[in-house]
Visitor: 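I'd like to ask some things about the structure below.
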Amino acid sequence: MKETVRADWDRVVLVCGKCSKKMDGGFGEKGRRSLAKALRAHLGLKKGRKGRAGVVEVKCLGICPRDAVTVVNGARPGEWSLVRCGADLDQVASSLGLGER
Ligand code: FES
């Protein structure tokens with residue numbers, strides 16, 4: 001078995017899946033998508049490790065904000081973001097360093 005696997009990611013963000021579930025969507029055109037799915041679609045990321053960045057849903061991160069989703073930017077793990085329901089995805093992407101589409 002291999003010890004490493006190549007990925008095309010140059011960035012990774014961890015999105016709390018439990019926050020997303022509690023909000024029952026909250027993002028995307030109709031406000032029905034989870035933050036992770038909406039971000040992936042907004043940025044046109046390919047699936048899995050073939051995308052240029054990883055947007056990964058994880059378990060509860062222990063912050064549990066109201067009407068927001070906890071997000072950890074892998075490049076800046078010392079400062080976590082709380083993304084409000086319905087936030088502008090361009091701003092969210094740029095603040096997380098996911099940059100241009
Ligand atoms: S539910 Fe998201 S941080 Fe706890």
Side-chain angles (χ1 to χ4, degrees):
M1 186 168 79
K2 291 181 186 177
E3 298 214 350
T4 60
V5 176
R6 190 184 60 81
D8 295 339
W9 296 1
D10 61 2
R11 309 221 171 224
V12 62
V13 295
L14 308 178
V15 180
C16 174
K18 189 173 175 186
C19 286
S20 302
K21 197 171 231 177
K22 285 196 300 187
M23 291 197 346
D24 198 22
F27 297 92
E29 282 180 21
K30 295 180 182 173
R32 288 189 181 162
R33 279 187 165 169
S34 68
L35 178 58
K37 283 186 180 176
L39 260 181
R40 280 189 215 115
H42 186 72
L43 296 168
L45 294 177
K46 290 182 187 167
K47 287 200 168 191
R49 59 194 176 94
K50 300 289 181 189
R52 63 182 168 79
V55 178
V56 181
E57 275 199 355
V58 296
K59 290 185 176 179
C60 175
L61 292 162
I63 306 297
C64 314
R66 271 202 182 167
D67 297 325
V69 178
T70 308
V71 180
V72 179
N73 179 351
R76 290 181 23 221
E79 185 179 280
W80 296 7
S81 302
L82 304 178
V83 179
R84 291 233 162 256
C85 177
D88 180 67
L89 291 176
D90 277 330
Q91 286 181 357
V92 173
S94 73
S95 75
L96 293 171
L98 295 173
E100 74 282 354
R101 299 173 72 168

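When a ligand or atom number is given, it counts from 1 through the structure's own listing order.
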Visitor: Looking at C19, which atoms of ligand 1 are within less than 4.0 Å of one of its heavy atoms?
Guide: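 Per the distance check, 1 (S), 2 (Fe), 3 (S).
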Visitor: Closer than 4.0 Å to some heavy atom of G62 - which atoms of ligand 1 meet that?
Guide: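 Those of ligand 1 that fall under 4.0 Å from G62 are 3 (S), 4 (Fe).
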Visitor: Within the 4.5 Å heavy-atom criterion, are C64 and C19 side-chain neighbours or not?
Guide: no
Visitor: Compare every heavy atom of L96 with every heavy atom of N73, then report the nearest pair and how far apart it is.
Guide: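 Reported closest heavy-atom pair: ND2-O, 3.1 Å.
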Visitor: When rounded to the nearest 0.5 angstrom, what distance separates CZ in R40 from CG in L35?
Guide: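 Interatomic distance, R40 CZ to L35 CG, rounded to 0.5 Å: 9.5 Å.
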Visitor: So R49 and D8, do their side chains get closer than 4.5 Å, heavy atoms only?
Guide: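 The answer is no, as the side chains (C-beta and beyond) never meet within the 4.5 Å cut-off.
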Visitor: Give the numbers and elements of all ligand 1 atoms closer than 4.0 Å to a heavy atom of I63.
Guide: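 Reading through ligand 1 atom by atom, the close ones are 3 (S).
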Visitor: For G48, does its backbone N or O pair with a side-chain atom of W9 as donor and acceptor, under 3.5 Å?
Guide: yes
Visitor: What is the nearest protein non-hydrogen atom to atom 3 (S) of ligand 1, stated with its residue, atom name and distance?
Guide: C64 N, 3.1 Å
Visitor: With atoms numbered from 1 as shown, which atoms in ligand 1 lie under 4.0 angstrom from a non-hydrogen atom of T70?
Guide: 3 (S)
Visitor: Check C16 against ligand 1 and report side chain, backbone, both or neither, counting heavy atoms closer than 4.0 Å.
Guide: side chain
